There are 2 protein chains.
Amino acid sequence: MTLNRDGSVGYLTNLAGRLLVRELERHLSPLGLSPAHMPVLLALDDGSALTQKALTERAGVKQATMTATLTRMERDGLVTILPNPEDGRSTLVALTPLALDKIPAVAAAATAINALVLEQLTPEERSQFFGLIKRIIAVLETQDGAART
Amino acid sequence: MTLNRDGSVGYLTNLAGRLLVRELERHLSPLGLSPAHMPVLLALDDGSALTQKALTERAGVKQATMTATLTRMERDGLVTILPNPEDGRSTLVALTPLALDKIPAVAAAATAINALVLEQLTPEERSQFFGLIKRIIAVLETQDGAART
DNA sequence: GTCATTTACATAGCTTGCTATCTAAATACA
DNA sequence: TGTATTTAGATAGCAAGCTATGTAAATGAC
C-alpha cells in the first residue's frame with residue numbers, strides 16, 4: 001500500500017459522510033423516512049412549495065437524482081407534485097400533512113446527530129471544522145462547475 | 001427552513017464526500033476505473049493477495065458491498081478471486097497485471113486530488129482537519145458498532 | 001411570427017451503498 | 001464424536017447517487 005488512507009482527504013471525508021448517513025438512517029427509518037429526504041423536508045417545512053430545480057440546488061444533488069427522490073416521496077405520500085401555473089415546464093413540490101407531522105421528529109433527529117458529533121469538540125474546534133469543510137466544499141464546487149463547461 | 005444546512009455536520013460532510021467522489025470519478029474514468037475500486041487497488045498494489053474480509057475492513061464498507069464491487073472488478077478483468085487453501089470459507093483477491101499497470105496513474109490521481117484540496121490550507125489547518133475528521137469518524141464508528149449489538 | 005436555443009423535467013441504465021437472509025466451512029463444546 | 005455456534009461469502013432486493021439523452025415549454029434572434 002503505497003498511498004495510505006490516513007492521509008487521504010477523500011477517503012476520510014467519504015467515510016465520515018457514509019457513517020453520518022448510516023446514523024441518520026437509524027434515526028429516520030422508524031419515522032418511515034430516509035436521509036435523502038432531509039433536504040426536501042427542511043426546505044419545505046413551513047408548508048411552502050418550491051420547484052424541483054430549487055430543491056435540486058439546495059440538496060446539492062443532480063437533477064435526475066432529485067426527480068427520483070421526489071418520485072419515491074410522492075409514491076410514499078410525503079409530497080405532492082403539481083404543475084407550476086407560471087411555467088409549463090416546471091413543477092411545484094410541497095409536503096403533505098403526513099410529512100409535515102413528522103417535521104418535529106426529523107428536527108430532533110438532526111439536532112441529536114449534530115450534538116453527538118459536536119459535543120466531542122470544543123467550541124473553537126467546531127468553528128474550525130465548519131470553516132475548513134466549507135472551504136474544501138468551495139474548492140471542489142469550483143472544480144465541479146468547471147468540469148461541466 | 002427551521003434547521004439550516006450550514007450548521008449541519010451531516011449535510012456538509014456528506015456534500016464534501018460526494019464532491020470528492022465526483023472529482024475522483026473524473027480522474028479515474030479515463031483509466032476504466034472508479035472510486036469504489038480505490039481501497040482495493042491501494043491495498044493490493046504490491047501484488048499481494050488478501051481475503052475479502054480484510055478488504056472489507058480496509059474499505060470501511062459492508063461485506064455485501066465489497067462482494068459486489070469485487071464481482072464487478074473480476075468481470076472487468078481487474079482482480080482474480082481464488083479459493084483460500086487455508087480456509088475453505090474464504091477467498092483470496094489479487095490484482096491482475098492489467099490493474100497493476102494502472103497503479104501509477106491511480107496514485108497520481110489520488111495525489112492530485114489530495115493536493116488540490118490541501119493546497120488551500122496551511123500546514124496547521126491540514127493537521128487540524130485530519131485530527132478533527134478522525135475524531136468524528138471515531139465517534140460515529142462507536143455508534144455504528146453499538147447499533148450492531 | 002418563426003425557427004433555434006435554452007430550460008425544466010423525465011427516462012434509461014449503470015454503480016455503489018445498505019439490510020436481510022442463505023449456504024457452507026470452521027470452531028467450540030458437551 | 002457429534003451437534004451447535006460462529007464465521008466468510010453469496011444472493012436478493014432496494015435506495016440513492018451518477019451520466020446521457022429525450023421531450024416539451026419558454027425564450028431569444030431574426
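Chain letters run A, B, ... following the sequence lines, proteins first and then strands; every chain starts at 1. What you see is a predicted model; the values in this text were computed from it and never measured.
Using a 4.0 Å heavy-atom criterion, one finds that Thr71(B) contacts no nucleic acid atom at all. Among the atoms of the strands shown, none is found under 4.0 Å from any heavy atom of Ala68(B). Ser90(B) comes within contact range of the sugar-phosphate backbone alone, with a heavy-atom separation under 4.0 Å but no base atom that close.
Residue whose closest nucleotide on DNA chain D sits further toward the 5' end, between Arg89(A) and Ser34(A): Ser34(A). For Asp87(A) and Arg18(A), each mapped to the nucleotide of DNA chain C holding its nearest heavy atom, the one lying further toward the 5' end belongs to Asp87(A). In terms of position along DNA chain D, the nucleotide closest to Thr56(B) lies nearer the 5' end than the nucleotide closest to the other residue of the pair Thr69(A) and Thr56(B).
For the pair Thr67(B) and dG9(D), the criterion of a side-chain N or O lying under 4.0 Å from OP1 or OP2 is not met. At dT15(C), none of the side-chain N or O atoms of Arg72(B) fall inside 4.0 Å of OP1 or OP2 (strictly under the cut-off). At least one side-chain nitrogen or oxygen of Lys53(A) sits closer than 4.0 Å to the OP1 or OP2 atom of dA8(C). At dT15(C), one or more side-chain N or O atoms of Arg75(B) fall inside 4.0 Å of OP1 or OP2 (strictly under the cut-off).
Spacing between atom CD of Glu23(A) and atom P of dT19(C) amounts to 12 Å, rounded to whole angstrom units. In this structure, CG of Asn14(A) is placed 12 Å from P of dC18(D), rounded to the nearest angstrom. One atom, CG of Asn84(B), and another, P of dA8(D), lie 11 Å apart when rounded to the nearest Å. Following rounding to the nearest Å, Leu82(A) (CG) and dC9(C) (P) show an atom-to-atom distance of 13 Å. With rounding to whole Å, Leu24(B) atom CG is found 18 Å from dG17(D) atom P. Here dT15(C) presents its P atom at 8 Å from CG of Asp76(B), a figure rounded to the nearest Å. In this structure, Glu74(B) atom CD and dT16(C) atom P are separated by 15 Å, rounded to whole Å. Rounded to whole angstrom, the span from the CG atom of Leu78(A) across to the C1' atom of dA15(D) amounts to 14 Å.
Listed for the Glu25(A) side chain is no donor-acceptor partner under 3.5 Å among the backbone atoms of Arg22(A).
Donor-acceptor pairing under 3.5 Å, judged by distance alone, is present between the side chain of Gln63(A) and the base of dA10(C).
Separation of atoms OG1 (Thr67(B)) and CD (Gln52(B)) is listed at 3.5 Å; rounding is to 0.5 Å.
Across all non-hydrogen atoms, the minimal contact from Gly77(B) to Thr96(B) is O-OG1, 2.7 Å. Among all heavy-atom pairs drawn from Arg58(A) and Ala43(A), the shortest one is CD-CB, 3.8 Å.
Across dC18(C), dG9(D), dA16(D), the shortest atom-to-atom separation from the side chain of Val61(B) is found for dC18(C). Closest to the Gln52(B) side chain, of the nucleotides dT19(D), dA10(D), dT11(D), is dA10(D). Taking only side-chain atoms of Thr51(B), from C-beta outward, the nucleotide of dG9(D), dT16(C), dC18(D) with the closest atom is dG9(D). Of the candidates dT19(D), dG17(D), dA26(C), dT19(D) carries the atom nearest the Ala64(A) side chain, counting heavy atoms from C-beta on.
Residues Leu140(A) and Ile136(A) meet the side-chain proximity criterion, which asks for heavy atoms closer than 4.5 Å.
Contacts classified as side-chain hydrogen bond (donor to acceptor under 3.5 Å, both in side chains) and involving residues 9-18 of chain A (residues at least two apart or in different chains) are given here: Asn14(A)-Arg18(A).
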